[in-house]
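As the structure lists them, so they are numbered: ligands from 1, and atoms in each ligand from 1. Owing to the predicted nature of the structure, the values given are computational and were not obtained by experimental measurement. In this chain, residues are counted from 1 in sequence order.
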Amino acid sequence: MSGVLTSLRGLTVTYGSGEAAHMALQGLDLDILKGERLAVIGESGSGKSTLALALGGLLPPEARIDGRIDWPGFAAPPRAGRDIGFVFQDAGASLNPVIPVGRQIAEVARLHLGLSRPEARDRARALLARVRIPDPDSALAAYPHQLSGGQRQRVAIAAAIAGEPSLLIADEATSALDTIVQAEIVALLDELVHAEGMTLIFITHDIALASGFADRIAVLHDARLVEARPAAELLGAPGQAYTARLLASHIGLDTPPLIAEEQP
Ligand SMILES: Nc1ncnc2c1ncn2[C@@H]1O[C@H](COP(=O)(O)OP(=O)(O)OP(=O)(O)O)[C@@H](O)[C@H]1O
């Protein structure tokens, strides 16, 4: 890992205005490093998706941004789809149901890499193999509904990396999947970002999932950054009471608590 990919200073995002104004992020200071796997964890409504959308320049018109987002890791401001790939929770919603998956992936490659149709089709086939879809040749012609949930998410990942982004943002990308498929998708993301030298922002409310592979964990609570520290450090000795509560509340049926007891 070397250098800062993006630097956030005082990042504040407000939805709506006047009495209806709601601050979804408040004064966030955070550097995201090139090549790191950063997990962003927090409860529902803490501002995780807002952070992802702000980074991708994808916030809706009713959102106001204050503070700074700088990109020292890019020569020009990054473009969503090309420089920043996104994988969302619901692959069913991000894939078009009436277009074969091969064409959907190829379109991204054509649009962002300027490939010819045959080149883009070859790239789609290679990407389907890359994300380990069985029989990529037949899968090119498959429609999303003909694939399983896990396979659809693999296709969504292939489409997200088709433009060769240097930053991949996975926003609750595994939340709709069962535990085994979740683990497989996490392993795939992990392997891809390593192999392609991408930076990964992995947004999740599932701290156990994040703790398995993240280099660093950023904790959001109520629109604020509570702490951002190397994963092993944060899990071993949370610096903030909120993080300790979050860790202690992780009691799954088949997983031990991540820390022995709540810290003061
Ligand atoms: N378009 C919008 N207009 C108004 N408020 C919004 C909008 N999008 C999000 N919010 C609000 O901003 C806050 C942060 O939302 P955000 O989706 O970023 O949180 P989150 O941590 O990703 O939650 P979840 O895990 O449930 O997706 C929430 O209170 C949410 O209701």
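Within a 4.0 Å radius of atom 9 (C) of ligand 1, the protein contributes one or more non-hydrogen atoms.
Ring-plane geometry between Phe202 and Phe213 is classed as perpendicular, the angle between the planes exceeding 60 degrees on a 0 to 90 degree scale with a lower cut at 30. Using the six-membered ring where Trp is involved, Phe74 and Trp71 have ring planes that are perpendicular, over 60° apart on the 30 and 60° scheme.
Aromatic ring centroids of His22 and Tyr15 lie 6.0 Å or more apart.
Annotation: Arg125, atom CZ; neighbour count of heavy atoms from other residues, nucleotides and ligands within 6.0 Å is above 12. Arg82 CZ: more than 12 foreign heavy atoms inside a 6.0 Å radius.
In this structure, the protein non-hydrogen atom closest to atom 19 (O) of ligand 1 is Gly47 N, 3.2 Å. Distance from atom 26 (O) of ligand 1 to its nearest protein heavy atom, with residue and atom name: Ser44 OG, 2.5 Å. Ranking the protein heavy atoms by distance from atom 6 (C) of ligand 1 puts Tyr15 CD1, 3.3 Å first. Scanning the protein heavy atoms around atom 23 (O) of ligand 1, the nearest turns out to be Gly45 N, 2.8 Å. Distance from atom 25 (O) of ligand 1 to its nearest protein heavy atom, with residue and atom name: Lys48 NZ, 2.9 Å. The nearest protein atom to atom 13 (C) of ligand 1, hydrogens excluded, is given as His22 NE2, 3.6 Å; this is a heavy-atom distance.
Heavy-atom contacts of Ser49 reach the following atoms of ligand 1: 17 (O), 18 (O), 20 (P), 22 (O), 27 (O) (cutoff under 4.0 Å). Interface atoms of ligand 1 facing Ala24, defined by a heavy-atom separation under 4.0 Å, are 12 (O), 13 (C), 14 (C). Each of the atoms 21 (O) of ligand 1 lies under 4.0 Å from some heavy atom of Glu43.
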List the steps, then state whether side chain to side chain donor-acceptor pair (under 3.5 Å) holds for Tyr143 with Gln104.
CA-CA 10 Å; Tyr143 289 92; Gln104 300 194 47; over 6 Å; no

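At a heavy-atom distance under 4.0 Å, only side-chain atoms of Glu62, from C-beta outward, approach ligand 1.
Arg9 pairs in a salt bridge (Lys or Arg N to Asp or Glu O under 4.0 Å) with only one of the listed residues (Asp70, Asp31, Asp66), which is Asp31. None of Asp222, Ile41, Leu220, Leu225 except one satisfies the side chain to side chain contact (heavy atoms under 4.5 Å, CB included) rule with Ser46; the exception is Leu220.
Closest heavy-atom contact between Pro165 and Ala160: CG-O, 3.4 Å.
Taking a 4.0 Å cut-off on heavy atoms, Ser46 registers as neighbouring ligand 1.
Looking at ligand 1, you won't find any N or O of Pro60 less than 3.5 Å from one of its N or O atoms.
Nearest-heavy-atom check against atom 15 (O) of ligand 1 across Thr50, Ile203, Leu53 picks out Thr50.
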